[in-house]
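Working notes for the structure below.
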Amino acid sequence: MAGAAHCSLQAKRLLLDPKFEGYKLSLEPLACYQLGLDAAVAEVKLRDDQYTLDHMRAFGMYNYLHLDSWYQDNVYYIDQFGRVMNLSVTLDTALQKPREVFRLPTDLTAYDNRLCASMHFSSSTWVTLSDGTGRLYLIKSGKRGNSASEKWEIVFNEELGSPFIIAHSVSFVKSDVHSVAVLLLRVEKDELDTKGSGFHITLEWVTVAEINKEGDHRYEIVKRRVLQGKSVPHYAAIEPSGDGLMILSYKPFKFMQDQDDKLEENDSAKAANEKNGPLYYWQQTEDDVTITVHIPQDITKDDIKVLFSPDNICVTLKDQPPLMEGKLYSSVDHESCTWIIREDKSLEVSLIKKNEGPRWPELIVGDTRGEFIMDSSQCSEITENLMHLTSEVMNPNPEKENPPCNAQELEDCDAFLEDSASLCRFDGDTLKVTHVINLGSNQYLFSVVVDPREMPCFCLRHDVDALLWQPHSDQPENMWEHIATFNALGYVQASKQDKKFMACAPDYSYAALCECLRRVFIYRQPTPLSTVLYNRKEGRQVGQVAKQLVATLEANDPILGFQATSERLFVLTTKTLFLIKVNSGN
């Protein structure tokens with residue numbers, strides 16, 4: 001990821017509520033409607049050779065219910081006969097049976113090693129579909145949700161190797177040529193991986209474009225690129241223009257290159273390995289920072305240029321590219337900063353901190369080429385400060401000003417299995433990472449389409465809250481925008497040990513999650529009260545309340561699909577489709 005811009009997510013303070021008091025359980029009834037299915041959902045259970053956590057995440061937790069974000073309250077599923085079934089809702093009290101809009105040409109029962117059939121709505125008139133056997137279909141659907149103009153017609157279908165599921169797809173026009181880009185997800189056996197799970201994950205980025213040959217219009221594959229990683233991505237989406245790709249994953253992905261590129265990469269890797277050790281070393285006190293850089297023997301004082309500014313540093317040797325360059329972690333008194341060449345032919349740079357006291361966790365923002373050296377007095381000080389957190393006795397003196405840490409006070413929601421997830425943006429032309437965000441403990445929760453013309457949003461946990469982020473691929477300075485907050489949802493969802501799916505309304509009016517069986521939890525945004533309510537502890541009047549609602553479905557089958565619209569929740573089991581009316585249409 002060298003050369004990638006290290007970014008951060010900037011939360012909007014106006015969208016945060018530090019005084020949020022929690023959800024109040026509401027007993028208001030929820031209208032729940034159910035439709036029996038003519039045929040069971042085409043569920044594919046995991047085989048004995050699909051035993052890893054990645055198999056469970058990719059296929060075992062697959063959402064079999066597909067929401068068409070281009071048309072309101074329109075959902076689809078694929079049944080065991082290979083029929084694509086649609087339910088379009090206009091009036092809850094006059095629900096029609098799901099109708100068949102398309103039938104897969106292949107007999108799904110004839111394949112032993114297939115995956116679940118998958119689909120994605122690329123635009124208002126284009127659909128990508130996979131039968132789970134390794135065949136991709138590109139379908140022109142017409143305007144969906146309207147039986148008069150809706151007609152699903154295959155314009156491209158091709159066998160693309162081992163079975164896959166469709167992770168995402170987009171439809172776009174460039175230079176008057178219509179293209180559809182599709183992202184295919186596979187979990188494949190890795191013979192070289194002897195210490196890990198024995199599998200790796202591939203994301204194949206396929207571009208299908210309209211080709212005009214002597215008046216014959218047809219769709220053909222014009223580009224295939226493959227990324228490989230070691231964990232199933234939480235989020236993977238192609239930019240609306242087809243120019244880039246964003247992936248949020250626990251372990252990094254990288255493009256698999258051609259043989260020539262690999263040789264070139266190996267040469268550059270060897271050259272990098274020749275430079276043993278870190279590029280520079282740095283130490284700090286409360287007042288200053290000292291940087292030591294080893295320089296070649298033939299470098300003289302006149303060959304060195306060091307530029308200081310209040311927030312930046314640049315070190316250049318002769319006419320070479322900058323040895324060190326970037327934004328400092330904190331401001332310095334640049335007029336007092338100095339540098340010298342020591343006797344051992346090393347360059348020593350002294351920076352004077354503008355704000356005394358706070359320790360810098362890094363020298364140059366995003367630069368990992370240096371190594372921080374801590375002296376013995378600093379080690380002793382840190383050890384002493386942390387001493388109260390260690391004890392052979394569990395909480396021996398609770399009255400003490402700094403009581404020892406009690407492990408029993410930690411809850412499930414305080415622990416993160418994946419504390420090093422990252423969000424990367426890949427450029428479609430160079431196949432390099434252009435932007436990267438280290439998410440740290442910002443746990444991924446779910447994704448949702450707010451505007452179908454934009455990329456899907458993703459929801460991350462920030463402290464106890466859940467923050468919704470909208471990617472803007474065409475805005476480099478504001479690539480990820482904080483658009484909504486679900487108060488305390490990050491904390492609440494952690495207590496639901498049996499949760500299977502999470503979702504939220506595209507208008508942010510509520511968030512919801514469901515367990516593997518029956519129960520659905522709904523968390524409404526705070527709304528003003530029609531009556532006067534006081535906080536008994538503080539005696540102040542409460543202006544608004546956030547409500548939690550619980551719905552229990554009359555079904556013994558496991559929940560296979562879960563989707564939310566601004567008015568309704570759709571819940572799919574093996575043989576039933578449930579509709580829960582959450583908001584009125586007003």
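- Side-chain contact between R114 and P163 is absent, with no heavy-atom pair separated by less than 4.5 Å.
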Could you walk me through whether L467 and L460 pass side chain to side chain contact (heavy atoms under 4.5 Å, CB included), step by step?
CA-CA 5 Å; L467 273 56; L460 303 177; 5.7 Å; no
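- Results of the side-chain contact (heavy atoms from CB on, under 4.5 Å) test with L65 over L577, L87, V571, I559 single out L577 as the only residue that passes.
- Checking side-chain atoms of Y235 against main-chain N and O of P456 turns up a donor-acceptor pair under 3.5 Å.
- Donor-acceptor pairing under 3.5 Å is lacking for the side chains of H234 and Y250.
- Using a 4.5 Å heavy-atom threshold, the side chains of P233 and L203 count as touching.
- Of the possible donor and acceptor atoms, none in the side chain of K499 sits under 3.5 Å from a partner among the backbone N and O of L513.
- Under a cut-off of 6.0 angstrom, the local environment of CZ in R47 is crowded, with over 12 non-hydrogen atoms contributed by other residues, nucleotides or ligands.
- In the displayed structure, D49 atom CG is contacted under 6.0 Å by more than 12 heavy atoms of other residues, nucleotides or ligands.
- Annotation for A555 and F578: closest pair CB-CZ, 3.7 Å, computed over non-hydrogen atoms.
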Show, in sequence, the C-alpha distance, side-chain angles and deciding distance for R425 and T434, and conclude whether the side-chain hydrogen bond (donor to acceptor under 3.5 Å, both in side chains) test is met.
CA-CA 6 Å; R425 190 260 176 190; T434 61; 3.3 Å; yes
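- A 4.5 Å side-chain heavy-atom check between L227 and L245 finds at least one atom pair inside the cut-off.
- Between the side chain of T485 and the backbone N or O of N487, no donor-acceptor pair lies under 3.5 Å.
- Looking only at side-chain heavy atoms (C-beta outward), V450 and V448 come within less than 4.5 Å of each other.
- Remark: R224 engages E204 in a salt bridge, criterion side-chain N to carboxylate O under 4.0 Å.
- Between the side chain of N157 and the backbone N or O of L136, no donor-acceptor pair lies under 3.5 Å.
- Between A466 and L489, the closest heavy-atom pair is CB-CB, 3.8 Å.
- In this structure, R524 contributes its side chain and S509 its backbone to no donor-acceptor pair below 3.5 Å.
- Within a 6.0 Å radius of NZ in K575, other residues, nucleotides and ligands contribute 12 heavy atoms or fewer.
- With hydrogens and angles ignored, the 3.5 Å screen pairs no side-chain donor or acceptor of N212 with any backbone N or O of H217.
- The number of heavy-atom neighbours closer than 6.0 Å to CD of Q96, taken from other residues, nucleotides and ligands shown, is 12 or below.
- Note that the OG atom of S162 and the CD atom of E188 stand 4.5 Å from one another [nearest 0.5 Å].
- The side-chain heavy atoms of V208 and T128, taken from C-beta on, include no pair separated by under 4.5 Å.
- Side chains of L129 and L104 form a contact here, defined as non-hydrogen atoms less than 4.5 Å apart.
- Side chains of T52 and D54: a donor-acceptor N/O pair is absent below 3.5 angstrom, by distance only.
- Both the sub-6.0 Å distance and the 45° axial angle are satisfied by K496 relative to the ring of F521.
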Should L183 and H120 be marked as a side chain to side chain contact (heavy atoms under 4.5 Å, CB included) after you check the CA-CA gap, both sets of side-chain angles, and the distance that decides it?
CA-CA 10 Å; L183 211 51; H120 193 272; over 6 Å; no
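- Between F253 and W205, the ring centre distance reaches or exceeds 6.0 Å.
- Proximity of a side-chain donor or acceptor of S422 to a complementary backbone N or O of N438 within less than 3.5 Å is not detected.
- When all heavy atoms of S122 and W70 are compared, the closest pair comes out as O-CZ2, 3.8 Å.
- With salt bridges taken as basic N to acidic carboxylate O contacts below 4.0 Å, one links E159 and R135.
- Remark: side-chain polar atoms of H482 are paired, donor with acceptor, to backbone N or O of A484 under 3.5 angstrom.
- Side-chain contact between L67 and V449 is absent, with no heavy atoms from C-beta onward closer than 4.5 Å.
- Salt bridge annotation for R568-D73: present, with a cationic side-chain nitrogen under 4.0 angstrom from a carboxylate oxygen.
- Rounded to the nearest 0.5 Å, atoms OG1 (T574) and CG (D79) are 12.5 Å apart.
- Side-chain contact between R218 and F156 is absent, with no heavy-atom pair separated by less than 4.5 Å.
- Nearest heavy atom pair, residue R461 against residue G490, reads NH1-O, 3.6 Å.
- In this structure, the separation between CD1 on I437 and CG on L9 is 4.0 Å, given to the nearest 0.5 Å.
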Worked check of side chain to side chain contact (heavy atoms under 4.5 Å, CB included) between Y508 and I483:
CA-CA 9 Å; Y508 332 128; I483 58 172; 3.6 Å; yes
Take V520 and L30 through the test side chain to side chain contact (heavy atoms under 4.5 Å, CB included) and record every step on the way to the result.
CA-CA 11 Å; V520 176; L30 285 168; over 6 Å; no
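- For F255 and F426, the gap between ring centers is short of 6.0 Å.
- Here Y76 and F570 keep their ring centres 6.0 angstrom or further from each other.
- Summarising the geometry of F59 relative to Q50, their closest heavy-atom pair is CD1-NE2, 4.2 Å, with the distance given to 0.1 Å.
- The pair D176-K174 fails the salt-bridge criterion, with no side-chain N (NZ, NE, NH1 or NH2) lying under 4.0 Å from an Asp/Glu carboxylate O.
- A donor-acceptor pair under 3.5 Å links the side-chain atoms of Q470 to the main chain of M455, judged by distance alone.
- A salt bridge links K45 with E43: at least one charged nitrogen is closer than 4.0 Å to a carboxylate oxygen.
- Taking the six-membered ring for Trp and thresholds of 30 and 60 degrees, Y51 and F199 have ring planes more than 60 degrees apart, a perpendicular arrangement.
- Distance check: R103 CZ to R83 CZ gives 5.5 Å after rounding to the nearest 0.5 Å.
- Ion pairing between R518 and D498 fails under the 4.0 Å rule for side-chain N and carboxylate O.
- L572 contributes atom CG, which lies 10.0 Å from atom CG of D557 (distance to the nearest 0.5 angstrom).
- H168 places no side-chain N or O within 3.5 Å of a backbone atom of A236 that could act as its donor or acceptor partner.
- Within the model, atoms CD of Q525 and OH of Y23 stand 6.5 Å from one another, a figure rounded to the nearest 0.5 Å.
- In this structure, H435 and W480 have perpendicular ring planes: the angle between them is above 60°, well past the 30° mark.
- A salt bridge (Lys or Arg N to Asp or Glu O under 4.0 Å) with E150 holds for exactly one of R99, R144, K143; it is R99.
- Ring geometry for Y64 against Y62 counts as perpendicular: the plane angle is over 60°, on a 0 to 90° scale with 30° as the lower cut.
- Closest heavy-atom contact between S566 and P506: N-CD, 3.6 Å.
- Atom CD of Q72 has 12 or fewer neighbouring heavy atoms from other residues, nucleotides or ligands inside a 6.0 Å radius.
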